Visitor: 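Can you read through this structure? Questions will come right after.
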There are 4 protein chains.
Amino acid sequence: MSADTGAGAPESRPHTGRRRNEAARQAILDAALRLAGAAGGEAVTIDAIAKAAGVGKQTVYRWWPSKGAVLLEALVDRAGQDVTVPEGGSLREELSSFIATTFEAAQQEPAAGVLRTLLRESGRDPHLAELLRSYTATRRGVLRELLERGRERGELPAGVEPELMVDQIYGLFWYRFVLGHGPLDSGTAQRLTDALLRG
Amino acid sequence: MSADTGAGAPESRPHTGRRRNEAARQAILDAALRLAGAAGGEAVTIDAIAKAAGVGKQTVYRWWPSKGAVLLEALVDRAGQDVTVPEGGSLREELSSFIATTFEAAQQEPAAGVLRTLLRESGRDPHLAELLRSYTATRRGVLRELLERGRERGELPAGVEPELMVDQIYGLFWYRFVLGHGPLDSGTAQRLTDALLRG
Amino acid sequence: MSADTGAGAPESRPHTGRRRNEAARQAILDAALRLAGAAGGEAVTIDAIAKAAGVGKQTVYRWWPSKGAVLLEALVDRAGQDVTVPEGGSLREELSSFIATTFEAAQQEPAAGVLRTLLRESGRDPHLAELLRSYTATRRGVLRELLERGRERGELPAGVEPELMVDQIYGLFWYRFVLGHGPLDSGTAQRLTDALLRG
Amino acid sequence: MSADTGAGAPESRPHTGRRRNEAARQAILDAALRLAGAAGGEAVTIDAIAKAAGVGKQTVYRWWPSKGAVLLEALVDRAGQDVTVPEGGSLREELSSFIATTFEAAQQEPAAGVLRTLLRESGRDPHLAELLRSYTATRRGVLRELLERGRERGELPAGVEPELMVDQIYGLFWYRFVLGHGPLDSGTAQRLTDALLRG
DNA sequence: CGATAAGCGAGACGGTACGTCGAGTCTTGTA
DNA sequence: TACAAGACTCGACGTACCGTCTCGCTTATCG
């Protein structure tokens with residue numbers, strides 16, 4: 001996400017100069033998460049993040065192209081791992097559990113605030129939109145694998161397309177998350193699962 | 001949407017002074033639509049709309065609370081009526097047609113640009129978020145009625161919740177519309193319909 | 001200096017929109033003078049001027065191209081008029097008095113601070129350099145007229161060039177003002193006058 | 001000018017580690033001169049000098065307190081020696097020649113650019129202002145000696161103060177050099193000499 | 001009719017955040 | 001210990017929009 005993670009090629013000039021300050025990176029991500037979570041959707045400015053992290057604004061811009069990129073990395077680093085893929089049950093159980101966990105995790109701060117801010121910023125910032133696209137693709141991939149495993153076990157109704165199912169699930173999630181007109185609780189997760197696996 | 005010019009309450013002083021300039025209203029809506037459609041996601045500022053409409057900024061603020069409210073009204077006035085509810089077929093036919101029409105209508109300019117801009121602005125502007133909430137509620141209502149009519153005709157599988165179905169449909173639509181990772185064509189509409197009515 | 005001073009041509013569209021706020025203009029000039037005088041040569045930032053004047057930064061930039069332009073206008077408006085041209089004496093008396101007054105006026109705050117800041121900024125800002133050039137040209141013109149009047153009365157030694165004399169006077173002034181290695185008092189003014197009129 | 005590398009005091013540890021790289025010093029001075037001369041008044045940043053010299057920024061700061069100090073040393077080392085004091089003529093001849101040479105030398109690149117940059121920076125940098133003060137004091141000293149030798153030969157008019165004459169000469173020079181409103185040629189040098197020695 | 005009350009185009013106003021630039025300092029690995 | 005490289009904190013820069021507030025003018029309605 002941030003600096004060159006891959007590289008690998010030892011290009012003769014391995015590195016010169018001062019290294020990236022990992023403490024600063026952590027402080028920035030912490031501050032971003034804290035502000036986005038606390039403000040719950042309020043305006044989170046780069047100046048505020050930098051000040052809260054005790055860091056120069058330039059240090060933020062040096063490593064991230066935009067506010068949203070910071071938040072996305074913060075989300076992935078900090079709040080991303082709490083949706084673990086359930087294993088060892090029927091597809092119905094696994095799917096229902098996965099959906100319920102996703103719903104719950106996304107609605108707790110600071111994740112909820114971060115998601116809202118990400119959505120807001122992605123409208124302005126094409127680069128973030130791209131990052132968000134690949135982030136969601138990853139998430140869809142996880143869910144899709146869960147479904148594929150179910151299909152291999154013969155638990156998926158005939159004629160069902162995993163691709164479409166995945167988008168129905170995440171689509172409903174985002175739709176309700178943004179508009180807030182309906183609940184995102186475990187009951188909903190259960191009913192959605194039933195509807196999807198019906199037939 | 002805009003301020004009620006009617007003033008239904010029979011106050012002692014019903015109206016004095018110059019009336020609202022309808023031409024200006026049209027020019028503003030036109031300009032908003034044009035900019036949002038053309039830029040296709042670019043920044044649409046109030047200054048730009050006012051200038052493009054040959055209008056003072058105050059004239060915009062006098063009648064609409066925010067940029068987004070202008071766009072929403074433009075959408076409803078101009079690009080809203082092309083999703084007509086199909087009647088006189090099986091539920092499967094009606095639903096598939098409705099979804100396909102919705103998909104298609106939303107992907108043509110200027111509607112697509114306007115929708116994108118609305119989404120973007122709704123993140124910043126709580127007032128617009130509210131408007132958008134009620135706008136989408138209206139749309140959901142239309143779809144829901146279609147489903148209810150189908151249920152009355154006994155065409156809905158048992159145990160199906162229209163509320164959830166509606167959100168699966170619009171959820172998938174927005175999810176793909178925003179991220180653009182999958183198609184929103186008539187084939188998708190058909191497969192989605194099949195999946196929903198399965199069982 | 002600031003807004004359209006000349007114009008004159010009534011161009012059919014005399015004016016539209018809100019007028020320039022004269023109070024803001026005064027507040028900005030006051031603040032600039034105060035800061036430049038108090039700091040005595042310290043960094044005077046646009047932000048500081050705007051804040052001190054209770055004005056948005058944009059209002060400064062709307063009317064002046066740079067910090068220095070503000071200061072120059074402040075100088076001309078406020079601190080410019082205290083060097084009055086003496087009349088009704090011998091050239092020697094007039095000149096000596098003019099020089100002494102110039103020396104004295106320039107060394108009092110806020111004028112001194114403003115002059116120093118102007119000099120400093122003119123190095124960075126070509127536009128200000130131009131303004132400063134024309135400002136100093138005006139000042140030279142005044143002194144030159146004084147000399148010409150003396151010449152007409154036959155009080156100027158033969159073979160003397162007023163142009164050169166003017167630059168000797170102002171040159172010495174700026175040289176000592178900037179470097180501070182010698183006094184700029186009435187004694188110096190007297191001796192300089194004597195040296196120039198000798199022969 | 002730069003840090004005394006000598007370390008004359010016989011401490012127990014006269015020197016440890018790597019010695020100063022003379023090539024780097026030369027490269028820095030070269031680069032500074034080149035940039036100041038080429039840009040002719042443009043912004044000369046420390047980063048730019050360091051990069052142009054193929055040197056780390058720290059190496060500049062290790063040996064010079066500021067950008068201006070670099071430039072001043074460059075000026076003294078490279079462009080300073082071309083104003084030789086003429087000897088063996090009448091005071092009038094010597095003075096006229098000295099002034100003309102000064103005028104000419106200062107107007108050629110890179111000296112002119114360096115002088116302008118020095119002047120500009122001295123406004124920001126108090127340390128440089130001090131250096132510049134002592135540099136100009138040296139120059140004044142040279143000119144003053146020339147005048148004193150003339151006085152001893154009885155070539156100076158009675159009642160003339162060398163101190164004032166020196167400042168009239170250098171004052172006029174800087175004044176015209178900065179503002180550029182009048183020529184600094186040999187004719188001017190001649191007329192200035194005549195004016196100063198009149199009487 | 002005049003008085004009063006809007007609406008209008010224009011644009012200046014106080015603010016807030018932006019993303020960039022340069023300064024001087026600090027931290028690497030290498031020489 | 002100096003050096004090239006380059007990351008760091010800091011502070012000012014000039015710009016972009018925001019939503020509000022005058023201006024002078026143009027319509028309308030009312031007494």
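In what follows, chains carry the letters A, B, and so on, assigned in the order in which the sequence lines appear, proteins first and then strands, with residues in each chain numbered from 1. The figures here come from the full heavy-atom set of this structure, side chains too, leaving out hydrogens, waters and symmetry mates. What you see is a predicted model, and the numbers here were worked out from it, not measured in a lab.
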Visitor: Restricting to side-chain contact (heavy atoms from CB on, under 4.5 Å), what partner residues turn up for Pro65(C), sequence neighbours left out?
Guide: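 Result, side-chain contact (heavy atoms from CB on, under 4.5 Å) vs Pro65(C): Ala69(C), His127(C).
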Visitor: Nearest-Å distance, CH2 (Trp64(D)) to C1' (dA23(E))?
Guide: 18 Å
Visitor: With sequence neighbours left out, write down each residue that passes salt bridge (charged side-chain N to carboxylate O under 4.0 Å, His left out) with Asp30(C), or none if nothing qualifies.
Guide: Arg78(C)
Visitor: Sequence neighbours left out, cut at 3.5 Å: what donor-acceptor pairs do the side chains of residues 54-62 of chain C make with other protein atoms?
Guide:
none

Visitor: Once side chain to side chain donor-acceptor pair (under 3.5 Å) is applied, do any residues pair with Arg19(A), and if so which ones, sequence neighbours excluded?
Guide: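 With neighbours one apart ignored, the set is His15(A).
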Visitor: Which residues pass the salt bridge (charged side-chain N to carboxylate O under 4.0 Å, His left out) test with Arg124(D), not counting sequence neighbours?
Guide: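 Salt bridge (charged side-chain N to carboxylate O under 4.0 Å, His left out) list for Arg124(D), sorted by chain: Glu121(C).
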Visitor: Assign a letter to each nucleotide of nucleotides 24-31 of chain E from its 5' end: B, base within under 4.0 Å of a protein heavy atom; S, sugar-phosphate only; -, no contact.
Guide: BBBBBS-B
Visitor: Can you work out whether Ala53(D) or Arg62(A) has the more 5'-proximal nearest nucleotide on DNA chain F?
Guide: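 Its nearest nucleotide being more 5', the pick is Ala53(D).
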Visitor: Quick one: is Arg20(B) getting a side-chain N or O under 4.0 Å of the dA6(E) phosphate, OP1 or OP2?
Guide: no
Visitor: Return the angle between end axes of the helix from dC1(E)-dG31(F) to dA31(E)-dT1(F), with five pairs used per end and rounding to 10°.
Guide: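 Inter-axis angle at the ends, rounded: 20°.
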Visitor: Checking Ala48(C) now: which residues fulfil side-chain contact (heavy atoms from CB on, under 4.5 Å) with it, not counting sequence neighbours?
Guide: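 Scan of Ala48(C) (side-chain contact (heavy atoms from CB on, under 4.5 Å), adjacent residues dropped) gives Leu35(C), Thr45(C).
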Visitor: Quick one: is Trp63(C) getting a side-chain N or O under 4.0 Å of the dC13(E) phosphate, OP1 or OP2?
Guide: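 For Trp63(C), the contact criterion (side-chain N or O under 4.0 Å from OP1 or OP2 of dC13(E)) is met.
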Visitor: Can you figure out which of dG9(E), dG14(E), dC8(F) approaches the side chain of Thr59(C) most closely?
Guide: dG14(E)
Visitor: What is the distance, rounded to the nearest whole Å, between atom NZ of Lys51(A) and atom C1' of dT9(F)?
Guide: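 Lys51(A) atom NZ is separated from dT9(F) atom C1' by 12 Å.
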Visitor: Return the value, rounded to whole Å, for the distance between atom CD of Glu22(D) and atom P of dA2(F).
Guide: 15 Å
Visitor: The criterion is side-chain contact (heavy atoms from CB on, under 4.5 Å); which residues satisfy it with Arg133(D), sequence neighbours excluded?
Guide: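 With neighbours one apart ignored, the set is Leu179(C), Ala129(D), Glu130(D).
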